[in-house]
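Please read the structure below before turning to the comments.
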Amino acid sequence: MASGTSRDVIRRGLWVLGRAIREQPRIFAVAVAGSVLFGGLVIASAYVVGAVVGDVVVPAVEAGEVGTGTVALAAVALFGISVLRVVGIFGRRLGAGYMQFRLQAAYRRRVTRRYLDLPLAWHHRNATGTLLSNANSDVEAAWYPIAPLPFAVGTLVMLVGAVGSLFVTDWALALVGLAVFPALFALNVVYSRRMAPRQARAQRLRAEVSGIAHESFDGALVVKTMGREAQETARFAGRARELRDSLIAVGRLRGVFDPLLETLPSLGTLAVLVVGTVRLRQGAITVTELVSVAFLFTVLAFPVRAIGWVLAELPRSVAGWDRVSRVLDATGEMPYGEVTLDDAGPATLAFDGVHFGYEPAEAHLPGTSVLGEVAFTVPAGRTVALVGPTGAGKSTIASLAVRLVDPDAGTVTLDGVDVRRLTAASLASTAALVAQVPFVFDDTVRANISLDRPGIDDEDVWAALRLAEADGFVAALPDGLDTMVGERGTSLSGGQRQRLTLARALAGRPRLLVLDDATSAVDPRVEAAILAGLRAPAPGQPAAASILVVAYRRATIALADEVIYLEQGRVLARGTHAELLATVPGYVDLVTAYEQAEQERAENRTYDEVAPLPTGLEIEVDR
């Protein structure tokens, strides 16, 4: 938490609460009304009890008999007040709970929406575990004080009424109240100031523990194959111990202050009895008034704690809000334009003088330049292959083509229109990316392909599956399109997942299809059939989409109309596969190396027949 002083924490915490009230004024008003009703009836019940003791019990004891009518009236009064107090409690708790959960739901949606608006460069600088914590525990922490807030506001009103009633009753007893109530408030302030750094550290450690756990689960295959189980366990255990110690420190402080906060009102009650007895002997007050004031101090002990609950949770709230607002205030989103492209025929993609570099994870570090002066065109209906060594910038070009990122300089155009000028809907309907690492939702085959997009029915789903050479294995699944594929498609092989994600892209009928090594886990013969089908979906018919493919296999590259050869983020050569083989030695060496690796891979593995990979496996994207 970027905190200043403890006083600043309280000030900022109250600002967060004020924001909550401004966002949910009606619900807050209902909750406070219930709390004020409860507080007023607490004061009223004290004087009713005093009246019962002074005007019913004491006379009955002195007279040796009990008046039935008087007792009945007292019982009705006490019962009526109790019923109204229940109404107040119900309104307070219902309003506070509804307000708290509504704010949490609203801000979870805002944080998630912001994640989707922010560019990939921002996500690269933030750990996934931290982002999960922002949307979950940080949002909860920010609005945690909302639950006791209406109670605390009602308690403040009740305290003002109680002090006023004390002055009306007797000035000496009022002085006792003036001593006890400020002491309670001061103790709560000290408690909040000491709690602030502890709560902030605990909230930060929650995010770090979440981040390490997410890394360990996502990298399970790497951890196991590298024999790093013990080291990863120790790393997680170390940070978990820090979180444990931090939470123990929070609990220890509560253990010190909670008894004090409980004891102070009891001491106030004792002081009232001592002073009140003296005043009773002096004839300044009656038994009814003494019992009323003593009972008032007794019942005020619990409501006053509500103020302490709010103050104690303010540091945690500020820590959570700081982490949530860091996401909400993040800059760098890519605004869309207002141009809509014609949906007829394949699209033309053009790169003109494109430069791109990834921002550093930390501000003081230099960025990473990936592309420089990249220029090429994918003509309408043609297939262009990107070939280059690892780190040449192929996946970055694929991301730029569908505007996952924007270039630092130069332009990327579709049908001559800068992609930054297109509407989100037009861009999504025009270009589709099938990523290097296939992602499958824990849902049915049908849902994974259609994504609930309008106009995509089962016939379209099957057509996309046929084009992706996936209809055969889907038809053989136990429930066909209704088969649940498991988290990240764990019930499918790598090649099946790739073909499913390809079918997902094809179902939207894109005019430009960008394949980022999207068929690497598919048998080469199946891959050739897929690419041939994409180039000419029906005999004698033109291609439905232009294709930009990041390719490694010789057979795949040979299908392209043109090959773009990249090295170190620059276009080194272009031409047909045969032309580059004859003129570019680096291209020959690379394609030969790919071919040898493919042969070794084929000898050690059968495509589409390998066991499903563990959940969370991801391959490093070739930038």
Side-chain angles (χ1 to χ4, degrees), residues 334 336-337 339-351 376-386 394-395 397-405 412-441 446-457 459-471 498-519 527 530-538 541-551 556 559-561:
M334 299 185 296
Y336 290 93
V339 178
T340 301
L341 294 178
D342 186 4
D343 291 337
T348 297
L349 171 69
F351 279 62
F376 68 89
T377 300
V378 179
R382 310 291 278 178
T383 298
V384 173
L386 291 177
K394 303 182 295 297
S395 290
I397 289 176
S399 297
L400 286 162
V402 295
R403 210 196 166 202
L404 291 180
V405 292
V412 179
T413 63
L414 285 171
D415 289 344
V417 180
D418 192 323
V419 293
R420 288 170 288 199
R421 297 176 55 204
L422 299 177
T423 65
S426 182
L427 181 61
S429 64
T430 301
L433 169 69
V434 184
Q436 187 175 9
V437 180
F439 182 85
V440 180
F441 295 95
R446 177 188 291 103
N448 267 285
I449 295 175
S450 69
L451 295 181
D452 291 329
R453 288 173 288 183
I456 298 179
D457 55 21
E459 184 177 346
D460 297 314
V461 170
W462 281 114
L465 288 170
R466 283 192 294 272
L467 199 53
E469 296 289 326
D471 56 321
Q498 284 193 333
R499 283 183 280 170
L500 209 61
T501 55
L502 176 58
R504 175 195 298 157
L506 294 172
R509 301 184 185 88
R511 300 172 57 224
L512 170 69
L513 186 63
V514 182
L515 305 177
D516 185 7
D517 192 23
T519 52
E527 181 188 40
I530 291 172
L531 292 177
L534 294 176
R535 285 170 57 88
Q541 295 297 318
S546 308
I547 301 173
L548 176 65
V549 54
V550 175
T556 306
L559 289 172
D561 299 300

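Positions are given from 1 along the sequence. Just so you know, these numbers come straight off a predicted model, no measurement behind them.
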Asp471 side chain near Trp462 side chain, heavy-atom distance below 4.5 Å = yes

Please report the closest heavy-atom contact between Ala503 and Ala464, naming both atoms and the distance.
-> O-CB, 3.4 Å

Let me see the working for Asp460 and Arg509 under side-chain contact (heavy atoms from CB on, under 4.5 Å), right down to the final yes or no.
-> CA-CA 9 Å; Asp460 297 314; Arg509 301 184 185 88; 2.5 Å; yes

In a table with atom names and distances, give each donor-acceptor pair under 3.5 Å that connects a side chain of residues 422-435 to protein atoms at least two apart or in another chain.
{"from": "Thr423", "atom 1": "OG1", "to": "Ser426", "atom 2": "N", "distance (Å)": "3.1"}
{"from": "Ser426", "atom 1": "OG", "to": "Leu341", "atom 2": "N", "distance (Å)": "3.0"}
{"from": "Ser429", "atom 1": "OG", "to": "Ala425", "atom 2": "O", "distance (Å)": "3.1"}
{"from": "Ser429", "atom 1": "OG", "to": "Ser426", "atom 2": "O", "distance (Å)": "3.0"}
{"from": "Thr430", "atom 1": "OG1", "to": "Ser426", "atom 2": "O", "distance (Å)": "2.7"}

Student check: side-chain heavy atoms of Thr383 and Leu559 closer than 4.5 Å = no

Return the minimal non-hydrogen interatomic distance between Gln498 and Pro438, and the atom names on each side.
-> CG-CG, 3.8 Å

Just wondering, do Leu465 and Leu500 contact through their side chains at under 4.5 Å, heavy atoms?
-> yes

Shortest non-hydrogen contact between Ala401 and Leu349, atoms and distance = CB-CD2, 3.9 Å

With no hydrogens and no angle check, is any side-chain donor or acceptor of Ser546 less than 3.5 Å from a backbone partner on Ala347?
-> yes

Rounded to the nearest 0.5 Å, what separation is found between the CZ atom of Phe376 and the CD1 atom of Ile397?
-> 5.0 Å

With a 4.5 Å limit on heavy-atom distance, are the side chains of Thr348 and Thr413 in contact?
-> no

If every non-hydrogen atom of Asp415 is compared with every non-hydrogen atom of Pro346, which pair is closest and at what distance?
-> OD1-O, 4.5 Å

For residues Phe439 and Arg504, report the shortest heavy-atom separation together with the two atoms involved.
-> O-NH2, 2.9 Å

Pick out which of Ile547, Leu548, Val550 makes a side-chain contact (heavy atoms from CB on, under 4.5 Å) with Leu515.
-> Ile547

Side-chain contact test, heavy atoms from C-beta onward, threshold under 4.5 Å: evaluate it for Val412 versus Arg403 and give yes or no.
-> no

Taking Arg421 for its side chain and Val339 for its backbone only, find out whether a donor-acceptor pair lies under 3.5 Å.
-> no

Taking all atoms of both residues into account, what is the closest heavy-atom pair of Ala470 and Arg499, and its distance?
-> CB-CB, 3.9 Å

Do Val384 and Asp561 come within less than 4.5 Å of each other through their side chains, counting heavy atoms only?
-> no

For the pair Ile456 and Leu451, evaluate side-chain contact (heavy atoms from CB on, under 4.5 Å) and give the outcome as yes or no after the intermediate values.
-> CA-CA 9 Å; Ile456 298 179; Leu451 295 181; over 6 Å; no

